[in-house]
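Every value quoted in this text rests on a predicted model; they were computed, and no experiment measured them. Here is how names work: the chains are called A, B, and so on, in the same order as the sequence lines, proteins then strands, and each is numbered from 1.
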Amino acid sequence: MKITIDGRSIEAQGTKTVLEVAQDNGIYIPALCSHPRLAPYAACRLCVVSIKGKPGFQPSCNTYPAEGMEVVTDSEELRLQRVRTMELILSEHPNACLICSEKADCEDHKASIRKSAEVTGCVFCSSNRRCELQEIVVRLKVDSIPYSSVYRGFSVRRSDPFFIQDYNLCILCGRCVRICHEVRGAAAISFMFRGSQAVVGTMFDRSLMAAGCQFCGACVDVCPTGALAERVGRHEALPDAEAETVCPYCGVGCRLVVETLQGRIQAAKPAEGGVNRGQACVRGRFTLRDVVYSPSRIRRPMVKKDGKLVETSWEDALAFVAGKLKSYAGRACVVVSSQLGCEDLFVLDRFAREALGAGGAVPSLQPSILDGLGDLVKAHGLKTPHRASLADLPGSKAILVLGENVPVSHPVVWVEILEALRCGAKLLVASHKDDLLTRHASQSLKIRPGSEFYLLASLSKVLLESGSPQAGSGLKGLDGFKKSLEKLPASCLADTAGLQEEEVRRLAEALRCCGPIVLVFGQGLISMPWARENLAALWDLAVLTGARLLPLAEESDLFGAWLLARRKPSGAPSLETVLRAATTGEIKALYLAGPAPLPEKHGLEFLVVQDSFVNEACQGADAVLPAATFAEAEGHFVNLEGRVQKSEKVIEPVGEAKPDWWIASHLASRMGAEGFGYEDAGRIKEQLDKEGLLALQEEGEAGFVPVTAPSGGPERAAEYPMVLPGEYCPDYYRTLALCQASPDFKVLRNPRRLKIGPEDAAGAGLQDGAKARVESSSACAAGPGTARVKITGAS
Amino acid sequence: MDLNELETLRTRITASRDKDKPCITVCGGTGCHAYGCLKVAQAFRDEVRRLGLSDKVAVRQTGCHGFCERGPIVVLQPKGIFYQRIQLADVPEVVSKTVIEGLVIERLLYAEPKTGARIVAERDVPFYKRQHRRIFGSNGHLDPTDIDDYLALDGYRALAKVLSEMAPADVIAEINSAGLRGRGGAGFPTGRKWEICRAAHGEVKYVICNADEGDPGAYMDRSLLEGNPHSVIEGMIIGAYAIGSHEGFVYVRNEYPLAVENVGIAVEAARKHGLLGKSILGSKFDFDIRIFKGAGAFVSGEETSLMSSIEGRRASPRQKPPFPAQSGLWGKPTNINNVETWANVPWIIRNGAKAYSQIGTQDSKGTKIFALVGKINNTGLVEVPMGMKLREIIFEIGGGIKGGKEFKAVQTGGPSGGCMPTELLDLPIDYASLAQAGSMMGSGGMIVMDEGTCMVDVARYFLHFTQEESCGKCVPCRVGTRQMAEILARITRGEGVESDVERLETLAKTVKAGSLCGLGQTAPNPVLTTLRYFRKEYDAHIKERRCPALVCKAFLAFDIDKRKCVGCLLCLKACPVKAVSGEIKKPHSIDQTLCIKCGACFEVCPPKVRAVTKTSGASAPERVLP
Ligand SMILES: Cc1cc2nc3c(=O)[nH]c(=O)nc-3n(C[C@H](O)[C@H](O)[C@H](O)COP(=O)(O)O)c2cc1C
Ligand code: SF4
Ligand code: SF4
Ligand code: SF4
Ligand code: FES
């Protein structure tokens with residue numbers, strides 16, 4: 001439709017507000033409370049405009065265009081109204097910074113900056129020169145206010161981790177409250193009181209922590225003033241540079257803008273656009289700096305001399321390691337973290353095979369959901385069911401989440417799920433716990449740990465029996481699948497999974513709804529011996545309903561690692577095999593570029609640690625090589641959707657750290673391997689592209705795979721009566737636990753806790769806070785696997 | 001119950017009732033409650049039973065009669081003998097003398113304040129005589145907890161007519177041609193609103209009765225709900241039918257327990273009689289009502305805020321459009337009307353639009369109930385034809401100003417209405433005239449002020465109220481009212497400066513033009529009208545440092561006229577800070593440096609002596625600083 005703004009004829013869509021249309025067309029209207037991610041609120045009243053035919057002023061942020069609408073955004077009348085409104089805002093805000101008579105000279109003379117306990121004026125405000133108020137004050141040319149200032153005298157709240165709240169600076173634009181409710185679904189903060197007493201706060205004035213805050217930082221990022229300020233940065237000057245990276249933690253791969261001052265990282269903020277659409281989680285938003293500058297960073301290469309690790313030069317270290325490793329060719333293995341970039345993984349993998357004669361680099365996170373799916377593809381020659389991207393979530397009609405506490409493990413995926421719920425999607429959950437996830441679910445089934453297979457198979461069964469047309473009918477393997485379903489014992493659903501048929505029937509009903517379905521699944525589905533059975537059942541349900549699969553990759557480059565591993569004929573050995581071989585002495589040398597739970601007693605003769613952080617393995621290492629973190633090297637990461645993203649180099653490496661690819665290629669060259677003369681990451685990426693290694697072409701026919709009931713499944717066993725679901729802890733970077741790196745993070749999450757139901761606890765004689773002893777049936781307790789266990793009180 | 005059964009029931013009820021049977025009606029309205037009417041009613045019941053008259057004499061506790069000033073009110077039917085200020089001790093006498101012997105007890109009758117003449121019948125009391133109690137009248141005749149009483153008074157006849165004879169469009173046309181406008185504030189034409197909601201897309205639509213009534217001093221909606229809940233319910237069912245809604249809410253504040261209780265009983269009774277629920281009166285129309293108890297904030301009465309509260313969120317208004325009729329409760333088309341608006345609907349249907357629009361003015365039809373309060377002789381609820389002059393309401397119905405003082409101003413429309421001076425006493429009460437005078441109809445508050453009222457102080461009081469009651473969402477209202485309240489407080493404290501008046505005007509304009517909802521848009525009215533009509537008082541405070549009405553403490557001075565003082569020691573003893581000194585039988589004096597201006601001396605000085613003076617401004621004694 002056509003509307004006129006200030007006499008200009010403009011083409012507008014009905015879905016954008018007049019304010020947005022004006023902004024899109026370069027017309028400035030001051031606005032404070034509106035935010036692109038939030039529903040119109042119309043509270044600051046700065047964005048008022050005149051509309052022909054309507055009396056008075058209208059807030060443009062809450063007005064939608066109509067055919068032929070004539071808007072005036074600038075007139076003396078409007079200017080006055082805005083100035084007067086701004087004067088009112090300033091009368092409640094420490095305003096020396098905004099309307100100070102010395103302002104013009106201030107920039108030149110001001111010596112110290114942003115570092116006070118109580119903000120009284122600009123120089124002490126953490127948002128000085130980034131404050132949206134300041135900007136508008138300048139544009140409106142407000143230079144004095146005719147009213148007495150009101151200092152509201154709130155005490156500054158500093159007891160929560162990561163950011164402080166100084167509501168004396170708050171202008172009640174409501175962005176924080178709205179983003180916390182509308183986007184993050186945490187609803188930790190709200191408005192309290194009314195009228196001139198109104199203020200943002202938590203229920204019963206509890207701490208944010210107690211109010212269910214996720215510390216995602218979304219509120220801090222939308223706050224236009226200095227009311228919400230990150231603890232660390234507020235004592236520092238403004239950043240002088242920034243670079244865009246990929247968050248190194250989970251598989252979402254949020255894009256982060258990392259701000260630096262004189263080459264040091266100050267803060268990381270979610271980038272607008274990109275997968276994460278301006279959102280991040282507590283890890284990406286608040287812990288990067290602590291991780292990069294962790295005191296446990298390895299700064300210089302070290303080699304063992306006389307039983308002690310001593311610092312040395314790269315030259316010596318490389319010579320030493322290369323020389324030693326050469327003698328172990330064929331009897332050595334390499335373990336890598338899937339939080340390394342594709343370039344690193346590629347070179348390390350080549351290094352393992354070409355220089356060490358190993359089967360390839362072994363990822364430290366195993367089993368992985370991607371491998372599981374890949375195995376099914378290989379075994380049956382079929383194409384993986386459709387993959388979902390995050391953007392598929394908001395448009396879907398039903399979302400089934402299995403095996404992961406998404407709000408904690410992948411908060412940004414959760415944001416998109418919440419968006420879907422707002423758009424009318426149904427959230428279906430089967431979990432053995434009650435948490436945020438089940439609270440938001442439209443249907444949630446209480447399922448016994450580890451028995452998802454029976455639920456998935458029963459869902460398919462119910463859907464098939466209902467006779468209604470299915471997306472998957474007519475596809476290859478349907479009959480085989482049906483037959484395999486019939487073979488399943490009928491009583492398992494109730495006996496093993498603890499589910500009633502009626503519940504499953506209702507869940508199936510929701511899946512039959514017309515419209516796109518996304519199956520979101522994570523580690524909980526595969527951290528047990530019958531992972532393959534689970535994935536097969538999931539696969540079939542997806543094929544049957546036409547649902548898309550969203551595997552919740554736990555690590556930032558898990559997808560990349562999986563893509564690279566596809567080219568190996570037989571695949572690398574599993575981590576479990578490697579560790580066993582190390583224990584028995586079948587292999588003699590181990591090269592660790594990722595975390596691995598090395599047993600205390602092992603038969604290794606030579607151990608190298610290539611990492612950014614001092615870790616447990618360093619103690620027994622013969623050489624320790626300092627690796628650069630994600631921030632210190634350029635690289636590419638493939639996120640859980642298969643999206644290849646570039647991460648820029650933000651700072652120079654800490655100490656003498658070198659990129660992982662650099663270390664591996666130098667070693668390989670010294671060991672005489674060919675084609676390792678990589679000089680920069682760009683070259684490596686070129687090779688990856690040339691060989692099409694990161695391209696995801698999925699070939700083959702779509703179809704069903706047969707299912708079989710898990711053997712040695714989750715049925716209760718007398719000796720180890722409980723099933724301990726492997727709860728994957730997402731809070732680490734390489735070998736560094738985030739709670740170790742960041743004291744604030746430790747306050748928030750401490751992983752060394754066992755959660756147990758009250759009855760089981762009573763049976764085991766355990767009380768809250770007591771120490772527990774866990775005995776497992778599994779010989780090798782490596783990885784975050786689910787296991788049958790016996791839990792007793794520890795003496 | 002279907003239509004025929006309804007009429008059969010009605011006939012049975014009327015037949016069983018003897019019109020001439022004596023009935024003692026005791027007002028059970030909120031005002032009379034405060035005077036102890038419950039005990040009085042019980043005493044009547046006991047007395048009647050004691051005398052073995054239970055079969056011959058009925059006792060009925062009714063809704064508010066309006067004349068709350070004189071409560072507890074007892075009217076003896078069928079003659080309509082009007083007794084006021086009835087005490088427990090009067091009960092046996094009333095029964096024996098009036099009910100049994102038919103004698104009128106002079107002492108309990110209402111006395112004309114001017115002439116002292118006693119008036120026997122309710123209808124002859126001047127307070128009632130000039131009223132037109134179309135909507136409110138039945139209150140005094142029925143027991144709100146007994147649906148039979150309502151049915152006996154033609155209750156649900158309008159509904160029966162609508163369901164049997166009228167299409168939804170006919171109903172809307174009828175309401176339109178009656179010219180009914182919303183009684184909750186803005187006066188939007190009710191028929192138009194229904195039409196928009198009817199036309200809005202959507203299967204599910206809601207109707208809401210707004211019974212939040214948070215204006216201080218206003219209690220007509222509450223009294224209607226308490227005294228005649230079925231009239232409101234009947235109106236809502238008719239409205240729902242016209243709009244095509246099947247679910248309704250009554251949003252009533254929890255602070256009105258009697259209203260909550262009575263409307264609850266009424267909804268239950270209506271449901272039992274098939275007047276709510278599925279297939280109402282045998283028709284194909286389904287509709288039910290839920291009662292939602294709000295937690296009393298003035299702003300909750302604003303429609304979008306009210307809906308947000310029903311949805312379980314903070315009661316905070318949102319920008320319109322979309323209007324509730326397009327997107328209201330849970331995003332569905334919603335029609336919200338005020339209690340009194342709903343109560344007008346059955347009357348219109350029963351008597352026709354033509355009869356309805358016979359009274360009123362060109363653009364304001366029918367009657368309006370006002371809560372007449374303040375410095376007036378007859379406070380209470382009055383229902384008058386639209387267009388009646390302020391003078392008539394205040395001086396005829398209201399009986400003039402208390403204590404023979406001078407009228408100074410009247411404020412209509414609740415805390416954000418305007419204050420109108422003597423010159424506007426002949427203003428006819430209708431939507432347009434009030435708006436033109438800078439005030440508004442609001443929901444019908446009417447506060448009368450006498451010469452002893454300081455208009456700056458009044459403005460301060462109201463702005464203080466809106467400042468506290470603003471939801472705090474939008475800047476102009478939240479901060480603007482605070483600034484205005486502060487400036488006004490400063491002026492009354494004697495710290496005003498000349499630029500304050502201009503500042504107030506600017507602020508008022510900014511807040512009016514910039515605020516999000518009606519609260520902020522109207523909050524400056526008290527300031528604007530007092531500036532417009534009582535500018536001199538502002539000047540007196542600021543330039544002359546005095547408060548002409550002798551209200552603002554900062555300017556007051558108490559002194560003792562030595563020539564008059566008899567030295568009785570009364571004031572000396574009364575002064576809390578020992579500012580008065582003197583000896584018995586010798587003139588006393590006040591130490592101005594100690595005086596805190598509490599006025600205790602002024603109060604105790606015997607009327608015959610009147611030696612203590614209260615002055616402001618030039619005539620005040622200088623305050624000598626120590
Ligand atoms: C601050 C504020 C308070 C209000 N309070 C009430 C109230 O208590 N009762 C009421 O009926 N309308 C109140 N209104 C008006 C309602 O928003 C709405 O206009 C009215 O209920 C519509 O009904 P009507 O068309 O029958 O008048 C209030 C409006 C504002 C701005
Ligand atoms: S950090 Fe996130 S969860 Fe916490 S209050 Fe802010 S927006 Fe809400
Ligand atoms: S804290 Fe910041 S974002 Fe929240 S209301 Fe105040 S100014 Fe707005
Ligand atoms: S005008 Fe006042 S009450 Fe209305 S939204 Fe604004 S702050 Fe709230
Ligand atoms: S941006 Fe429109 S009112 Fe704040």
A.B. asks: May I ask you to check if Arg139(A) and Tyr28(A) form a cation-pi contact, with NZ or CZ under 6.0 angstrom from the six-membered ring centre and within 45° of the axis?
C.D. replies: yes

A.B. asks: Mark yes or no: Lys16(A) above the aromatic ring of Tyr64(A), with NZ or CZ under 6.0 Å from the six-membered ring centre and no more than 45 degrees from the axis.
C.D. replies: no

A.B. asks: Please flag which part of Ala315(B) lies under 4.5 Å from any non-hydrogen atom of chain A: side chain, backbone, both or neither.
C.D. replies: neither

A.B. asks: Does a donor on one side chain sit under 3.5 Å from an acceptor on the other, for Asp430(B) and Ser433(B)?
C.D. replies: yes

A.B. asks: Out of Leu32(A), Val150(A), Val48(A), which one racks up the most heavy-atom pairs below 4.5 Å with chain B?
C.D. replies: Val150(A)

A.B. asks: Where does Gln483(B) contact chain A at under 4.5 Å (heavy atoms): side chain, backbone, both or neither?
C.D. replies: side chain

A.B. asks: Among Gln197(A), Glu92(A), Gln58(A), which residue has the highest count of heavy-atom pairs closer than 4.5 Å to chain B?
C.D. replies: Glu92(A)

A.B. asks: Does any heavy atom of chain B fall under 4.5 Å from the side chain of Ser148(A), the backbone, both, or neither of them?
C.D. replies: both

A.B. asks: Just wondering, are more than 12 heavy atoms of other shown residues or ligands nearer than 6.0 Å to CZ in Phe193(A)?
C.D. replies: no

A.B. asks: Can you tell me if Tyr431(B) and Asp363(B) form a side-chain donor-acceptor pair at under 3.5 Å?
C.D. replies: no

A.B. asks: Identify which part of Arg482(B) has an atom lying under 4.5 Å from any heavy atom of chain A, answering side chain, backbone, both or neither.
C.D. replies: side chain

A.B. asks: Quick one: of Gly174(A), Ala198(A), Ala42(A), Gly56(A), who has the most non-hydrogen atom pairs under 4.5 Å with chain B?
C.D. replies: Ala42(A)

